[in-house]
2 protein chains.
Amino acid sequence: MNKRRDRVTIVDVAAEAGVSFGTVSRVINNDVHVKPQTRERVLETMRRLNFVANRQARSLAGGRTNTIGLLVPDLGTGYIGEIIRGIDTELGDAGYDLMLYTTHRAATKEAGYVSNLVQGMVDGLILVLPRNPSDYIGIMTQRKFPFVLVDHQGTGEDCPAIGSTNWQGAFNATNYLVKLGHKRIGFITGWLDLGAAVDRLEGFKAALRTNKIPLLPDLIYEGTFAQLDGYTGALRFLDMKKPPTAIFASNDVMAMAAMDAVREKGLRIPEDISIMGFDDIPQASLMRPSLTTVRQPLEQMGRIAAQVLFDILKNPDHKHNRIELPTEIILRESTATLRKLQEEEPDLIRFH
Amino acid sequence: MNKRRDRVTIVDVAAEAGVSFGTVSRVINNDVHVKPQTRERVLETMRRLNFVANRQARSLAGGRTNTIGLLVPDLGTGYIGEIIRGIDTELGDAGYDLMLYTTHRAATKEAGYVSNLVQGMVDGLILVLPRNPSDYIGIMTQRKFPFVLVDHQGTGEDCPAIGSTNWQGAFNATNYLVKLGHKRIGFITGWLDLGAAVDRLEGFKAALRTNKIPLLPDLIYEGTFAQLDGYTGALRFLDMKKPPTAIFASNDVMAMAAMDAVREKGLRIPEDISIMGFDDIPQASLMRPSLTTVRQPLEQMGRIAAQVLFDILKNPDHKHNRIELPTEIILRESTATLRKLQEEEPDLIRFH
DNA sequence: TTGAAAGCGCTAACAG
DNA sequence: CTGTTAGCGCTTTCAA
């Protein structure tokens with residue numbers, strides 16, 4: 001590797017600036033114990049020599065890496081992309097670099113992955129939608145390693161996390177559907193291992209209760225947030241003798257798939273059946289009819305996650321709990337007032 | 001740092017296995033000079049002790065960082081996400097880490113950014129859709145720094161790059177529209193500073209020529225790949241006395257926006273007007289009507305970019321040129337055969 | 001086939 | 001305020 005040849009190290013800088021390399025190290029780390037004049041001279045030399053501190057060496061020696069790790073399940077839906085955008089913005093402003101890891105990539109040794117990172121590769125970790133966070137959380141809390149969870153509903157542990165008001169969002173959305181006149185609402189759940197999915201389901205149920213609408217088990221389809229579930233779930237509903245007049249999916253991806261199913265059955269949205277999503281991913285506004293949905297402030301969640309991490313970095317002993325950002329219903333074209341006919345003669349509509 | 005306490009190192013493994021730590025290192029690196037029996041014993045010990053090699057130490061000692069940098073303009077459209085997915089897969093398999101940089105983040109000092117990375121932060125760089133690559137390419141080629149461009153049509157320089165057959169894709173797509181009977185086709189270009197955009201335009205023109213269809217300047221709208229351009233461009237076309245019967249947008253995002261414009265005018269897709277996109281981003285198949293488009297193998301482009309980078313890393317002197325992956329037309333619902341009526345009485349259709 | 005020794009570039013005490 | 005001295009955990013010669 002001839003790289004070694006032309007790489008400038010703190011030793012080079014020290015020699016050039018006429019100081020010991022220890023002093024150079026201090027300058028790099030913004031140590032106060034450096035005469036301003038000396039510091040300036042060193043900085044100037046670094047600039048002139050085009051010096052860049054070696055990451056691995058720094059972390060090996062036990063210092064800061066100025067890098068934070070981001071663990072995401074994948075980059076598929078744009079959902080994650082929004083969150084990353086927020087994180088990225090904050091990190092950039094703060095002068096941190098971003099190391100991206102998709103857990104998909106190391107599915108088997110996920111935990112080992114984390115423990116590796118925890119060993120100094122990065123200064124902190126942001127875990128987006130962690131699948132089985134209890135594995136990590138143990139290690140990290142124990143080692144007092146800075147981390148923040150994004151969009152994960154605590155499994156009981158009490159740790160820094162950013163989420164949104166899933167329960168309230170689902171509650172409000174359901175209420176809205178009821179106000180439109182819908183009484184038979186089919187609900188497609190997310191992956192119930194995730195707290196967020198459970199909360200959405202509970203919000204839905206609570207709203208029915210509040211409105212004194214009976215909860216029919218047949219009108220709840222258990223999905224996993226995956227596209228196919230939206231499709232299958234919707235078909236299940238539509239094949240009932242008395243199908244629902246509205247379908248509320250636990251995320252936009254499933255809602256979109258549900259729309260497909262509805263259309264295949266020859267029904268119109270929203271005239272014959274209303275569709276409600278959750279998340280407000282970028283596509284939601286682009287499709288036709290555009291999707292009425294519960295908006296999670298994804299980008300903002302990312303930003304705040306980063307901010308919280310910075311705060312932990314600064315005050316390790318400060319207590320950080322879960323932060324919930326408000327969700328918001330975004331009215332679009334996929335929902336509409338229930339029509340009388342629709343209520344009474346579902347079959348007529350079915351084959352209009 | 002009490003981390004030190006419970007960390008397992010090669011020294012620990014060596015002690016446990018009764019060998020020198022040099023031997024353990026050899027095992028880690030799959031060095032042939034280890035007696036199978038010894039290797040097995042060491043491996044067993046590593047497993048038992050839950051040993052994980054320290055990345056930073058390895059790279060510090062080896063002069064490599066085992067990290068590659070990825071520079072992307074943003075994470076907005078899912079377009080980039082697909083490419084990253086491909087890159088990420090390969091990197092993971094090869095044991096590399098991914099450092100993600102969005103140029104948006106440091107718009108002003110883009111070039112400085114790169115030169116920073118080039119100095120040892122990463123072993124190589126993948127630049128996706130670089131905006132003004134000539135700035136970097138100079139530095140990098142000069143320093144013989146490993147890099148690969150993705151989806152950038154050379155600005156004359158001869159360097160490792162992955163792209164797709166933009167010209168051919170546009171040519172074929174146009175031909176297809178012509179075969180459907182369309183003779184008046186509106187074309188919305190991409191940002192013509194990008195070679196890919198130019199190639200698509202040229203492919204379109206060539207197809208018209210081949211089919212002896214006159215090229216009307218009014219039927220070419222100069223866009224920038226941004227959503228709004230699709231909308232504006234389509235409106236421009238639709239307001240003509242004799243509007244086109246098909247619109248071919250240089251990317252899917254613009255095509256989707258064009259669909260909106262078309263619908264706002266009260267026209268149906270594809271009955272009244274056909275829409276063709278380019279890229280095949282994930283959304284293309286999700287919208288209704290689903291979008292007929294020219295597929296770029298984005299994920300594969302990412303994979304190959306990584307592979308090429310690895311090859312450069314291994315054989316720095318090997319010559320690497322641009323690789324073009326084939327595009328492919330994906331037939332969906334947004335295009336259809338031209339109807340006689342549509343051809344002759346555009347106004348009638350306009351207000352059906 | 002294995003062991004020993006010399007760093008990789010930097011941080012973090014510890015002296016002065 | 002600054003220099004010196006140990007390592008951090010591993011790869012790589014160089015001997016044996």
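All chains are named by letter (A, B, ...) in the order of the sequence lines, taking the proteins before the strands, and each is independently numbered beginning at 1.
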* Please confirm whether the backbone N or O of B:Ser25 pairs with a side-chain atom of B:Asn29, one donor and one acceptor, at under 3.5 Å? => yes

Contacts of A:Ala161 meeting side chain to side chain contact (heavy atoms under 4.5 Å, CB included) (sequence neighbours excluded), chain-then-number -> A:Leu149, A:Arg322

Sort me out a list of protein N/O and nucleotides 13-16 of chain C N/O pairs below 3.5 Å, or just none if empty.
residue	atom	partner	partner atom	Å
C:dA13	N6	A:Arg26	NH2	3.4

Looking at A:Glu82 and A:Arg85, is there a salt bridge between them, counting it only when a charged N and a carboxylate O are closer than 4.0 Å? yes

Exercise for review: Give a yes or no on whether the backbone of B:Ile68 and the side-chain of B:Asp123 come within a donor-acceptor separation of less than 3.5 Å.
Suggested key: no

Closest of D:dC10, C:dG3, C:dG9 to the A:Asn54 side chain is C:dG9

(message) Below the 4.0 Å mark, does D:dT2 have OP1 or OP2 next to a side-chain nitrogen or oxygen of A:Ser20?
(response) no

Winner on side-chain proximity to A:Ser25, out of C:dG3, D:dC10, C:dT11, is C:dT11

Numerically ordered, the residues 31-41 of chain B set in heavy-atom contact under 4.0 Å with DNA chain D is none

From the candidates D:dG3, D:dG9, C:dA6, the one with an atom nearest any side-chain atom of B:Phe21 is C:dA6

Among the nucleotides C:dT11, C:dG3, D:dC10, whichever has the atom closest to the side chain of A:Ala61 is C:dT11

CD1 of B:Ile87 to CG of B:Leu298, rounded to nearest 0.5 Å, is 10.5 Å

Rounded to whole Å, CD1 of B:Ile28 lies from P of D:dG9 at a distance of 13 Å

inquiry  = Base, sugar-phosphate or nothing for B:Val11? Non-hydrogen atoms, less than 4.0 Å.
reply    = nothing

The bend of the helix from C:dT1-D:dA16 to C:dG16-D:dC1, taken between the axes of its five terminal pairs at each end and rounded to 10°, is 40°

Between side-chain atoms of residues 35-42 of chain B and protein atoms elsewhere (two or more places apart, or another chain), which donor-acceptor pairs fall under 3.5 Å?
residue	atom	partner	partner atom	Å
B:Arg39	NH2	B:Asp31	O	2.7
B:Arg41	NH1	B:Ala17	O	2.4

Residues 298-315 of chain A vs salt bridge (charged side-chain N to carboxylate O under 4.0 Å, His left out), sequence neighbours excluded, gives A:Glu90-A:Arg303, A:Glu299-A:Arg303

The answer to which of A:Val19 and B:Thr9 contacts DNA chain D further toward the 5' end, by nearest nucleotide, is A:Val19

